[in-house]
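In what follows, a single structure is set out as structure tokens and then discussed.
Note that the structure is predicted; figures quoted are calculated from it, not measured.
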Amino acid sequence: MDLKLFFDPTDVDVDQTPASFQTSIYINKHKMPDHEGMDIALIGLSEYRGADTNADLKSADEIRKQLYQLKKGFGDYGIVDLGNFRNGPKLEDTYLRLKEVCSYLMDKNIIPILFGGSHDLDLGQYFAYEESDKLISVLNIDNEMDLDDEKLASRDHIGKIFKHSPNYLFSYYHLAFQSYLTDQKSIELLEKLSFESVRLGVVKENIKEIEPIVRDADMMSFDMSALQAFYAPGATNSKVYGLTGEEACQLCWYAGQNEKMSSVGLYNYNAFQDSDDRKTAFVMATMLWYFIEGYYHRKGDKNFKSNDYLMYEVHLGGEPETIRFYKSKLSERWWMEVPNPEAEGLFNRNRMIACNHSDYDLALKGELPDRWMSFYNKA
């Protein structure tokens, strides 16, 4: 694929130091850099036709200005900034172009990180998995459900994901929704579909308990409106209440460490609304930094049959008789195994579900963890 056809170069340049982020990556300024062998591809977005907002089409570059000034983190970076994505003649064309590019990158084991643009652009991100021959889990972090307004794409993109044909959505996780902004019917729909939704208060109460949900996702879509307006005045729909900047970075760190995570999108930033010191752009830059830092701290948690795992079998004395738990010696993270009647089919990859030590403790008391039951009902 000739990526030059899909991107415009960025003209962002900041004061460079030997240890800066900017000097540690390859950037599309005057010439598209080689992407072969890269780990991560940065993609700036300027598409806002799916949202009812007057947006700054250079918003992605404002994020770059903040990101490039940060210090390089851990590991040997294999990161390319492809530049700013060219919109299609119609909004739907932009989705399809994003699908094509993201699918191409993921086939090469390169993680596309999208930033800027309206939240409905995660449709292109999701469509990229259509030819992957596997069922996927989607993580969406947003203060609203985006299921109830078919006239505005950015308000119904999740509904479009649910209805998309062919259907390759296995699990959907929604974090940090605010109850007073959410129609009860949307919550009931997620429950009916055996999807998980976690309200803002629960996320903030103990964010470490949320890590297994993040670890179970293949794709993350993060609406900056999930953050408090204090931290994200440039988010198009931020409120007084929400996640803090630190909590958003923690979730991105978890996502980076997730071996399954293959695409990320940070959406709904409008530089026109941001503070003079570009507070939101800085928060987004640090979120990107923490995802990248998490990525380069991955432990290789994949082969559960290796000696890198401890297996614990808990006898329940009912149905099921036993549950197997696995603990990684490398990362000390936990998984539980769910019986799978489609062992040779698409569901095979989903037999292991991320969990916490607390789920193991619950099983020791003879109780089935809720996430085990939810997962089993899908299979």
Side-chain angles (χ1 to χ4, degrees), residues 41-53 55 59-60 63 85 87-88 91-106 111-132 135-150 152-165 167-177 186 190 195 197 213-214 217-227 232 235-237 248 251-252 255 258 260-270 284 287-288 291:
L42 303 177
I43 299 174
L45 302 176
S46 61
E47 175 66 88
Y48 291 91
R49 283 176 289 184
D52 186 18
T53 183
S59 292
I63 300 167
F85 196 77
N87 299 332
L91 177 59
E92 291 73 17
D93 297 320
T94 302
Y95 298 155
L96 294 178
R97 289 183 179 187
L98 279 174
K99 170 188 175 180
E100 186 176 353
V101 169
C102 289
S103 177
Y104 170 79
L105 292 170
M106 290 190 293
I111 297 178
I113 299 182
L114 315 170
F115 55 96
S118 52
H119 199 184
D120 55 293
L121 296 182
D122 66 356
L123 286 170
Q125 184 184 353
Y126 176 73
F127 294 161
Y129 292 90
E130 190 166 313
E131 306 298 329
S132 64
L135 300 174
I136 72 164
S137 298
V138 172
L139 169 65
N140 183 33
I141 303 173
D142 195 348
N143 60 0
E144 299 188 52
M145 292 284 189
D146 293 347
L147 285 166
D148 54 5
D149 188 346
E150 297 184 3
L152 200 59
S154 63
R155 305 285 292 171
D156 188 45
H157 56 111
I158 299 302
K160 288 183 172 65
I161 286 177
F162 289 175
K163 299 170 188 174
H164 182 66
S165 180
N167 176 28
Y168 41 92
L169 179 65
F170 181 71
S171 296
Y172 173 80
Y173 305 108
H174 193 115
L175 297 184
F177 78 91
S186 297
L190 264 61
F195 293 155
S197 59
I213 292 178
V214 181
D218 298 276
M219 161 186 158
M220 180 172 76
S221 175
F222 204 131
D223 189 324
M224 291 303 295
S225 299
L227 276 71
T236 56
N237 192 34
L251 292 172
C252 287
N258 173 10
K260 290 172 55 181
M261 187 69 70
S262 51
S263 74
V264 172
L266 305 185
Y267 301 105
N268 261 354
Y269 169 62
N270 183 358
M284 292 183 75
M287 289 168 65
L288 293 172
F291 175 85

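A distance of 7.5 Å separates CZ in F127 from CG in L96, rounded to the nearest 0.5 Å. The line from CG of L45 to CG of N87 is 8.0 Å long, rounded to the nearest 0.5 Å. Atom CG of L175 and atom CD1 of I213 lie 5.5 Å apart (nearest 0.5 Å). Between the OG atom in S262 and the CE atom in M219 there is a gap of 9.5 Å [rounded to 0.5 Å]. In this structure, the separation between CG on L169 and CD1 on I161 is 7.5 Å, given to the nearest 0.5 Å. Here N140 contributes atom CG and Y267 contributes atom OH; the two are 10.0 Å apart, rounded to the nearest 0.5 Å.
Nearest heavy atoms, L105 versus A41: CD1-CB, 3.9 Å. The two residues Q125 and M220 come nearest to each other via the heavy atoms NE2-O, 3.2 Å. Taking both residues in full, the closest heavy atoms of K260 and S137 are given as NZ-OG, 4.5 Å, listed atom of the first, atom of the second, then distance. Closest non-hydrogen pair, S154 versus A51, comes out as OG-CA, 3.6 Å. Considering all non-hydrogen atoms of both residues, A128 and C102 come closest at CB-CB, 3.6 Å. Heavy atoms only, all atoms of each residue included: A153 and L91 are closest at CB-CD2, 4.1 Å.
Partners of F291 under the ring pair (Phe, Tyr, Trp, His ring centres under 6.0 Å) rule, at least two apart in sequence or in another chain, do not exist in this structure. In this structure, Y95 has no ring pair (Phe, Tyr, Trp, His ring centres under 6.0 Å) partners at least two apart in sequence or on a different chain.
Judged by distance alone, the side chain of N258 and the main-chain N or O of A217 form a donor-acceptor pair under 3.5 Å. Looking at D122, its side chain never comes within 3.5 Å of a backbone N or O of H157 through a donor-acceptor pair. In terms of modelled atom types and a separation under 3.5 Å, the side chain of T94 and the main chain of G88 share a donor-acceptor contact. Looking at Y129, its side chain does come within 3.5 Å of a backbone N or O of D218 through a donor-acceptor pair.
L190 places a side-chain heavy atom less than 4.5 Å from the side chain of M145. Taking the side chain as every heavy atom from C-beta outward, N268 and S118 approach each other to under 4.5 Å. Side chains of F195 and H174 form no contact here, defined as non-hydrogen atoms less than 4.5 Å apart. By the 4.5 Å heavy-atom criterion applied to side chains, S197 and F177 are counted as neighbours. With contacts defined as side-chain heavy-atom distances shorter than 4.5 Å, the pair L121/L114 does not qualify. Under the 4.5 Å side-chain criterion, counting only non-hydrogen atoms from C-beta, N237 is not in contact with D223. No side-chain heavy atom of C252 sits less than 4.5 Å from a side-chain heavy atom of L288. Between M106 and S263, some side-chain heavy-atom pair lies under the 4.5 Å cut-off.
No donor-acceptor contact under 3.5 angstrom links the side chains of Y48 and T236, judged on distance only.
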Would F115 and F222 count as a ring pair (Phe, Tyr, Trp, His ring centres under 6.0 Å) here? Give the steps. CA-CA 9 Å; F115 55 96; F222 204 131; over 10 Å; no
I'd like to know whether E47 forms a side-chain contact (heavy atoms from CB on, under 4.5 Å) with L98, so could you lay out the CA-CA distance, the side-chain angles of the two residues, the decisive distance to 0.1 Å, and finally the verdict. CA-CA 11 Å; E47 175 66 88; L98 279 174; over 6 Å; no
I would like to know whether Y126 and I136 meet side-chain contact (heavy atoms from CB on, under 4.5 Å); could you show each step before the answer? CA-CA 9 Å; Y126 176 73; I136 72 164; 3.8 Å; yes
